[in-house]
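Before any comments, here is the structure.
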Amino acid sequence: MPELPEVEVVRLGLAPAVTGATISGVEVFDTRALTRHGGDASDFEARLRGRRMLGAARRGKFLWMPLAPPAGHAAGAGADEALVAHLGMSGQLLLRAPGADDGRHLRVRVGLEHPEHGELRVDFVDQRTFGSLAIDELVPTSDGAAGGYGAAAPLVPSQVAHISRDPLDEAFDDAAFAARLARKHTAIKRVLLDQTVLSGVGNIYADEALWAARIHPETAASALSTRAVGRLLAQVRAVFEKALVEGGTSFDAQYVNVNGEAGYFAHSLNAYGRGGEPCPRCTTVITRVPFGGRSSHFCPRCQRKK
DNA sequence: GGAATAACCTGGATGC
DNA sequence: TGCATCCAGGTTATTC
């Protein structure tokens, strides 16, 4: 499932291929992939064709490619729009050669002409159709810092503006995060999944970070000490960084990088998906409990509820 | 305004 | 073998 590390792996793969590339063609095969786009498929195709991509940026699980203004606009003007992508649960952005097989679940195809790499294809493939692409205007960031990872300008797509920065972002404010936690009386896991508080964390990394920080997922956020909040943030960052090194977490081929390769972090999971197995730290059986229509995995001994 | 829940969606796994 | 049901989960709209 694409969470921050998986999206960052995709961004790192896309950046060299899309930066400086001109969009030569767009084909929408399934309009459900445009649920976040303000117009219809023909609008999407017409507004993209001929535009030049200026890079690849990310905040949390959102990815965007800033677009140079269309021909006819003032030369040298900066990007004011971006192609925004969210992978949802099963979305993939795949770099393919022009004649490559489409495979299954191809929703949108974007043809590129790159000055160095020549003709390329970016395919948006999505089995469960929770992911989407959209063209969105760029708006100034509220704190004046760069929009996100890989973004040079203090701009962010309007539909991403309400998302908090992620903990790997240099502009992430630890003190502000702790202050927000102190005002939240709901379960800490629910807060970790709230992208307006902290972005990039999904069910897998929430369970892993809480296990590493020895915090019970149902502990009220406001009940955490300053020390515990610091420990949790450190573990979120550590888990993200380790997953990045290992190429992300792949389950049943739902996540692959731009070249279609799976990540290896699933082998390093300590709690998520290990219900009924011994805790790697104390050998107590990992518990799996329903959590808001999903599952939480934790060690009842290492992560005691206070 | 904060918190909780339902809905969206597809395909693999499981049970009968 | 075939069918029905369950499960996975990110985001958003709705409800309380």
Side-chain angles (χ1 to χ4, degrees), chain A residues 1-11 29-38 58-64 84-93 103-108 124-134 136 156-164 166 179-210 217-223 236 240 243 248-256 262-263 265-266 269 271-276 286 288-298:
Chain A
M1 312 301 168
E3 300 181 30
L4 184 150
E6 291 76 37
V7 180
E8 178 61 13
V9 169
V10 170
R11 189 193 72 80
F29 300 105
D30 190 331
T31 55
R32 288 177 298 180
L34 302 182
T35 50
R36 286 187 177 84
H37 181 62
R58 179 193 58 75
R59 179 184 288 198
K61 303 169 195 170
F62 279 89
L63 192 63
W64 69 92
V84 183
H86 193 288
L87 302 181
M89 280 186 61
S90 56
Q92 302 170 352
L93 284 166
R104 299 177 70 188
H105 311 305
L106 175 61
R107 310 299 182 191
V108 178
F124 180 64
V125 174
D126 191 9
Q127 181 197 96
R128 296 178 191 173
T129 68
F130 278 20
S132 66
L133 299 179
D136 192 18
V156 65
S158 68
Q159 57 187 257
V160 185
H162 70 291
I163 298 294
S164 168
D166 61 66
R180 287 199 69 181
L181 252 56
R183 295 194 298 270
K184 293 276 188 182
H185 304 299
T186 190
I188 182 60
K189 176 163 175 179
R190 197 177 301 282
V191 178
L192 285 180
L193 296 176
D194 183 345
Q195 305 298 300
T196 66
V197 177
L198 172 85
S199 68
V201 178
N203 204 38
I204 296 173
Y205 295 108
D207 280 357
E208 289 302 302
L210 287 167
E218 291 176 17
T219 304
S222 56
V236 170
F240 276 165
T249 305
S250 296
F251 287 118
D252 56 23
Q254 290 307 305
Y255 158 72
V256 291
F265 191 68
L269 296 174
Y272 180 84
R274 301 207 176 277
I286 295 285
R288 172 180 172 271
V289 296
F291 181 86
R294 290 155 180 68
S295 294
S296 272
H297 307 79
F298 63 95

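Everything numeric in this text was worked out from a predicted model, so none of it was measured. Values below: all heavy atoms of this structure, side chains included; hydrogens, waters and symmetry mates excluded. Each chain gets a letter, A, B and so on, in the order the sequences are listed, and its residues count up from 1.
- Note on A:Thr186: a side-chain N or O is less than 4.0 Å away from OP1 or OP2 of B:dA4.
- Rounded to whole angstrom, the span from the CG atom of A:Asp126 across to the C1' atom of C:dG10 amounts to 11 Å.
- Of the possible polar contacts, one joining the A:Asp126 side chain to the A:Gly91 backbone as a donor-acceptor pair under 3.5 Å is found.
- Residues A:Leu63 and A:Leu93 form a side-chain contact, since some pair of their non-hydrogen atoms from C-beta on lies under 4.5 Å apart.
- Rounded to whole Å, atom P of C:dA13 lies 11 Å from atom CD of A:Gln159.
- With hydrogens and angles ignored, no donor-acceptor pair closer than 3.5 Å exists between the side chain of A:Arg190 and the base of B:dA4.
- Atom CG of A:Leu193 and atom P of B:dA4 are 12 Å apart (whole Å).
- At the phosphate of B:dG2, neither OP1 nor OP2 sits under 4.0 Å from any side-chain N or O atom of A:Lys184.
- Atom CZ of A:Phe130 is separated from atom P of B:dA6 by 15 Å (rounded to the nearest Å).
- When the P atom of C:dG10 is taken as reference, atom CD of A:Gln127 falls 15 Å away, rounded to whole Å.
- For C:dT11, the OP1/OP2 oxygens have a side-chain nitrogen or oxygen of A:Gln195 closer than 4.0 Å.
- When the options A:Arg59, A:Arg58, A:Lys61, A:Glu3 are evaluated for a side-chain contact (heavy atoms from CB on, under 4.5 Å) with A:Ser199, the one that passes is A:Arg59.
- Atom NZ of A:Lys189 and atom P of B:dA4 are 14 Å apart (whole Å).
- Nearest nucleotide to the A:His105 side chain, out of B:dG11, B:dA3, C:dC7: B:dG11.
- Between the P atom of C:dG10 and the CG atom of A:Leu192 lies a distance of 12 Å, rounded to the nearest Å.
- Per the geometry, CZ belonging to A:Phe291 stands 10 Å off P belonging to B:dT5, to the nearest Å.
- In terms of position on DNA chain B, the residue among A:Arg294 and A:Arg32 whose nearest nucleotide sits closer to the 5' end is A:Arg294.
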Is there a side chain to side chain contact (heavy atoms under 4.5 Å, CB included) between A:Leu210 and A:Phe298? Walk through the geometry before answering.
CA-CA 8 Å; A:Leu210 287 167; A:Phe298 63 95; over 6 Å; no
Which is it for A:Thr196 and A:His162 under the side-chain hydrogen bond (donor to acceptor under 3.5 Å, both in side chains) test, yes or no, and what are the steps along the way?
CA-CA 6 Å; A:Thr196 66; A:His162 70 291; over 6 Å; no
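- Backbone-only engagement by A:Ser295 is indicated by non-hydrogen atom pairs under 4.0 Å involving sugar-phosphate atoms exclusively.
- Side-chain N/O atoms of A:Arg183 include none lying less than 4.0 angstrom from OP1 or OP2 on B:dA3.
- The side chain of A:Phe62 lies closest to C:dT11, out of C:dT11, B:dT10, C:dA8.
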